[in-house]
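What follows is a short report on a single structure.
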Amino acid sequence: MKSEELFTDAKNYLPGGVDSPVRAFKPYPFFALKGKGSRIFDVDGNSYIDYCLAYGPLVLGHAYPPVVNTVKEQLLNGSAYGVPTENEIKLAKEVIKRIPCAEMVRFVNSGTEATMSAIRLARAVTGKKKIVKFEGAYHGAHDYVLVKSGSGAIGLPDSPGVPEETTKNTILIPFNNEEAINDLFERESENLAAIILEPVMGNVGCIPPKKGYLEFLRKITIEKDVMLIFDEVITGFRISEGGAQEYFGVTPDLVTLGKILGGGFPMGALAGKKEFMERIAPSGDVYQAGTFNGNPISITAGLETLKHLDKKFYQDSETKGLKMRRGLQDIIHDASLEYQVAGLSSMFQLYFTPNEVWDYAQAKTADIEKFARYFHNLLSNDVFVMPSQFECCFISKVHSSDDIDITLEAMEEAILTAEKK
């Protein structure tokens with residue numbers, strides 16, 4: 001198998017044989033050759049219906065012709081300039097038109113850069129140091145947020161090389177727990193700069209907010225003069241035109257975006273109210289810069305992508321997502337199993353646990369060995385989902401009803417097989 005040979009070779013030159021740890025799975029990952037529509041093709045001649053979609057960016061599917069064509073045109077005119085382009089203004093206007101809290105935008109190169117910059121800005125605006133993040137939430141790989149659950153409220157670094165003093169101002173609490181927030185604010189509100197959260201937790205499977213929870217966070221942060229940051233790197237432009245803000249009707253102070261915004265190319269963004277965003281250099285004193293900020297290739301791809309995300313797209317996404325989740329529920333019910341199907345819009349995940357999943361601790365009760373058997377059985381039946389129980393799966397514009405039917409048949413076999421040791 002060529003993938004196995006390539007992986008053996010890659011381990012000599014790339015740490016673990018991959019360039020991001022989520023891409024590694026046993027015994028070895030397949031190596032991609034190309035993607036087209038709803039399918040990804042590997043170097044060994046296999047094709048898979050793809051629900052990973054590069055971990056979310058490919059909302060239009062692989063190699064969507066209008067995006068490919070506009071990028072080709074841009075490439076002929078250059079790949080980077082180091083000066084502004086008109087399309088940066090056009091894309092900023094489009095973001096502002098769609099995202100409720102956005103009055104100004106700073107384009108960056110990744111979600112990690114966006115969340116790092118959002119936290120820096122929140123600290124500058126409030127003059128306070130501490131931030132709150134939720135257990136199990138992922139906001140990129142920078143030191144401020146690379147924190148796991150620790151004893152007590154203060155998080156310990158989740159990676160060697162992250163000094164404890166870097167995370168001493170990062171406070172961890174469970175998601176969907178109003179009492180934990182109330183207790184924290186009683187003790188720490190005068191020291192808190194911001195709460196940062198994924199409105200839908202997409203890096204521990206798929207955990208939506210309980211009804212009223214986001215409204216509660218908005219109310220208490222306004223009362224206590226704490227900034228509210230929505231990390232919509234995943235949900236931005238996926239679950240509605242205005243992201244989770246529009247979907248749930250809650251408007252934060254700042255939002256971070258990525259994935260879909262770049263149309264399949266590296267991209268991130270920080271957006272928010274003008275009074276805050278004008279603090280960013282060069283108009284203000286909060287420094288943020290990048291050689292590839294506003295890169296014309298990513299900007300062009302993002303601008304073209306958003307043109308295809310209209311109301312019909314979101315209606316169709318809801319229909320496809322419901323079909324997938326209801327199909328999974330029927331499989332589980334018919335097999336007399338007590339697993340959890342989660343998701344909304346075009347997002348979904350199956351948790352191999354009988355427990356309801358509303359936070360990180362409950363998600364961690366899932367049986368990862370069963371999930372691994374489920375994953376490999378799907379792969380053998382030409383369906384590719386994330387290799388981890390604690391990621392979210394996605395449906396694109398080009399996934400057909402037949403794709404979902406074929407997938408549900410494969411999922412039924414995979415779930416029943418996962419029950420066998």
Side-chain angles (χ1 to χ4, degrees), residues 25 38 48-53 56 136 175-176 198-213 234-235 238-239 247-248 314-396 399-421:
F25 56 84
S38 64
Y48 311 90
I49 303 175
D50 185 9
Y51 296 98
C52 177
L53 298 171
F175 190 53
N176 276 321
E198 298 174 279
V200 179
M201 291 182 69
N203 285 282
V204 65
C206 188
I207 305 178
K210 288 183 177 179
K211 186 176 181 180
Y213 187 67
I234 290 177
T235 55
R238 175 163 287 284
I239 63 176
Y247 193 93
F248 295 107
Y314 292 104
Q315 290 168 356
D316 290 346
S317 291
E318 193 70 35
T319 299
K320 293 176 188 177
L322 280 172
K323 179 175 181 176
M324 180 68 81
R325 292 188 296 275
R326 287 173 177 170
L328 276 168
Q329 290 279 18
D330 289 344
I331 292 167
I332 291 165
H333 179 267
D334 291 347
S336 299
L337 299 171
E338 295 183 350
Y339 298 148
Q340 309 301 314
V341 178
L344 70 165
S345 185
S346 58
M347 302 168 65
F348 70 94
Q349 183 55 292
L350 172 65
Y351 288 100
F352 283 80
T353 177
N355 303 311
E356 287 192 340
V357 179
W358 290 109
D359 61 23
Y360 176 65
Q362 292 168 337
K364 292 291 281 184
T365 66
D367 189 326
I368 59 174
E369 291 184 2
K370 283 185 179 179
F371 185 89
R373 294 196 290 272
Y374 164 78
F375 164 76
H376 282 290
N377 190 274
L378 284 177
L379 206 60
S380 68
N381 283 287
D382 303 329
V383 174
F384 178 46
V385 299
M386 271 63 161
S388 169
Q389 168 72 92
F390 306 113
E391 293 286 348
C392 187
C393 300
F394 304 103
I395 301 170
S396 76
H399 279 88
S400 67
S401 184
D402 285 346
D403 283 333
I404 295 174
D405 287 337
I406 292 167
T407 299
L408 287 170
E409 285 185 23
M411 284 177 166
E412 182 169 22
E413 178 185 325
I415 289 167
L416 296 177
T417 300
E419 290 300 295
K420 304 170 186 175
K421 290 188 178 180

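Start at 1 with the first residue, then count along the sequence. Everything numeric here is computed off the predicted structure, so don't read it as measured data. Side chains are part of it too, since the values below use all heavy atoms of this structure and drop only hydrogens, waters and symmetry mates.
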Problem - Residue pair I234, F394: steps toward the side chain to side chain contact (heavy atoms under 4.5 Å, CB included) verdict - result: CA-CA 10 Å; I234 290 177; F394 304 103; 3.8 Å; yes
Practice task
Please name all residues satisfying side-chain hydrogen bond (donor to acceptor under 3.5 Å, both in side chains) with Q349, sequence neighbours left out, ordered by chain then number.
Solution key: none
Handout entry: Check against side chain to side chain contact (heavy atoms under 4.5 Å, CB included), K364 and F390
Key = CA-CA 8 Å; K364 292 291 281 184; F390 306 113; 4.0 Å; yes
Exercise for the section: Quick one: list whatever passes salt bridge (charged side-chain N to carboxylate O under 4.0 Å, His left out) with D316, sequence neighbours left out. Expected result: K312
Problem - By side-chain hydrogen bond (donor to acceptor under 3.5 Å, both in side chains) - contacts of Y374 (at least two apart) - result: none
Exercise for the section: Would you please say whether a donor-acceptor pair under 3.5 Å links the side chains of R238 and S345? Expected result: no
Practice task
Kindly state whether the ring of Y213 and the ring of F175 have centres lying under 6.0 angstrom apart.
Solution key: yes
Completion exercise
By salt bridge (charged side-chain N to carboxylate O under 4.0 Å, His left out), K370 pairs with (sequence neighbours left out) E419
Name the atoms and distances for all side-chain donor-acceptor pairs under 3.5 Å in residues 404-416, with sequence neighbours left out.
residue, atom, partner, partner atom, Å
D405, OD1, K323, NZ, 2.9
T407, OG1, Y51, OH, 2.5
T407, OG1, D403, O, 2.7
E413, OE2, N381, ND2, 3.4

Problem - Partner residues of S336 under the side-chain hydrogen bond (donor to acceptor under 3.5 Å, both in side chains) criterion, sequence neighbours left out - result: none
Handout entry: Residues which pass side-chain hydrogen bond (donor to acceptor under 3.5 Å, both in side chains) with T353, listed by chain and number, not counting sequence neighbours
Key = N355, T365
Problem - Worked check of side chain to side chain contact (heavy atoms under 4.5 Å, CB included) between H333 and D330 - result: CA-CA 5 Å; H333 179 267; D330 289 344; 5.5 Å; no
Practice task
Name the orientation class of the two ring planes belonging to F371 and F352 (parallel below 30°, tilted from 30 to 60°, perpendicular beyond 60°).
Solution key: perpendicular
Exercise for the section: Quick one: list whatever passes side-chain contact (heavy atoms from CB on, under 4.5 Å) with P199, sequence neighbours left out. Expected result: L214, F230, E232, T235, A244
Practice task
Name all residues meeting the ring pair (Phe, Tyr, Trp, His ring centres under 6.0 Å) criterion together with F384; count only those two or more places apart in sequence or in a different chain, and write none if there are none.
Solution key: F30
Completion exercise
Y247 meets the ring pair (Phe, Tyr, Trp, His ring centres under 6.0 Å) criterion, sequence neighbours left out, with none
